[in-house]
Amino acid sequence: MKLETLAIHGGNVITDSEKPAIQPITLSTTFIHQPDSMIYSRATNPNRNALEKLLAGLEHGEAAAAFSSGNAAGVSVFQALEPGSHIIAPDDMYHGLKNAILQLFKGVLEASFVDMTDLSNVEAALRPNTKLIWVETPSNPLLKITDIRAVAKIAKAHDAILACDNTFATPVFQNPLDLGADIVMHSSTKYFGGHSDILGGALISKKVNDFWEKIRIVQRVGGAVPSPMDCYYLCRSIKTLAYRMKGHAEHGGLLATYLVNHPEVDGVYYPGLKNHPGHDIAASQMTGFGGVVSFLVRKGPEAADKLISHLCYFTNATSLGGVESLIERRAASEGPDTLTPQNLIRVSVGLEHMDDLLADMDQAFSKI
Ligand SMILES: *Cc1c(COP(=O)(O)O)cnc(C)c1O
């Protein structure tokens, strides 16, 4: 099946003897004992199984595990490592996961945060106990691109696991497992959910191996699992993922071009732009460039706040991946330790008509 077909049919597992056309939501937390039956909803339930089967298919993995948030998914990978293991992660790693490594695993795991756009930094950070290399591409919020195939070679040579946060690209545009990664992570809160109303996360593994079994234990025993309702709604949202992503990427490209030509804008970060430093690598590993665009407001952070306050169709809120456009001055969300420029605005371009979005930008820019 092609991705569009799989997205519609792959998550619809009919579990009811009345044969409804769409899988029902099984709210029961427990199951009547019988041979081979499910036992308890934290361990497995029909809706989570259906979602996991769908996610594994979309990312070309052997298995998937769904979690109650993207952070819970990422943290499960760290929890599955032996204490004393060393992680190499990007210096601009999603701040919630970077905080998790620094705060939750302090004294348990070692970590080096490096600029992965230069692979010599990854090589230089390797230690005998390096067990995990974590990649996020495109990255948040600078849209930096990491060469997944090249990092996979380094990981393989060192017998380390390569995990890739694929939240921004989604499997519609990038399949890290085909490029040499071992594990893919998603915040399904973003494009999978697509409507800013479901919190969730996922891991997909290329192989069902010992490390994956540990992740399964973290999921089922740790218990950071999504509800049957959330799993149902995710399967429903994913049916339109491919078409939403095509729209997001088209709009991302149009907004980036508009901003490049705007006199009040100092720099635009979008991997689809030919002058983006990671453009060629992005083009070699992605089939589309996504719907997140960041840019610098020439007059500074106050002007950036003012611009945002005058917009009508872009909601001033964190997060991304919904059908509605969201915008924020990112450093304000990331807090005082952030490396993000203070005048950087991140936009999650939605699926409203582009004429309306660009007209809205025009009128808001005219007020700063
Ligand atoms: C949002 C996000 C996360 C964390 O996911 P939650 O669902 O918010 O826990 C991780 N990585 C990236 C790239 C994200 O955008």
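Residue indices begin at 1 and follow the sequence shown. Just so it is clear, the values below take in all heavy atoms, side chains as well, and ignore hydrogens, waters and symmetry mates. As the structure lists them, so they are numbered: ligands from 1, and atoms in each ligand from 1.
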Aromatic plane relationship, Phe78 with Phe105 - under 30° parallel, 30 to 60° tilted, over 60° perpendicular: perpendicular

Find all protein N or O atoms under 3.5 angstrom from an N or O atom of ligand 1 and list the pairs with distances, or write 'none'.
| unit_1 | atom_1 | unit_2 | atom_2 | d |
| --- | --- | --- | --- | --- |
| ligand 1 | 5 (O) | Ser187 | OG | 3.0 |
| ligand 1 | 7 (O) | Gly70 | N | 2.9 |
| ligand 1 | 7 (O) | Ser187 | OG | 2.8 |
| ligand 1 | 7 (O) | Thr189 | OG1 | 2.7 |
| ligand 1 | 9 (O) | Gly70 | N | 3.0 |
| ligand 1 | 9 (O) | Asn71 | N | 2.8 |
| ligand 1 | 11 (N) | Asp165 | OD2 | 2.7 |
| ligand 1 | 15 (O) | Lys190 | NZ | 2.7 |

Geometric cation-pi criterion Lys246 and Tyr243, 6.0 Å radius, 45° cone: yes

Parallel, tilted or perpendicular: rings of Phe289 and Tyr270 (30°, 60°): perpendicular

Approximate separation, where rounding is to 0.5 Å, of Asp266 CG and Arg298 CZ: 7.0 Å

Pro20 side chain reached by Ile14 side chain, heavy atoms, under 4.5 Å: yes

Residue of the set Ser333, Ser348, Ser319 for which side-chain hydrogen bond (donor to acceptor under 3.5 Å, both in side chains) holds with Glu328: Ser333

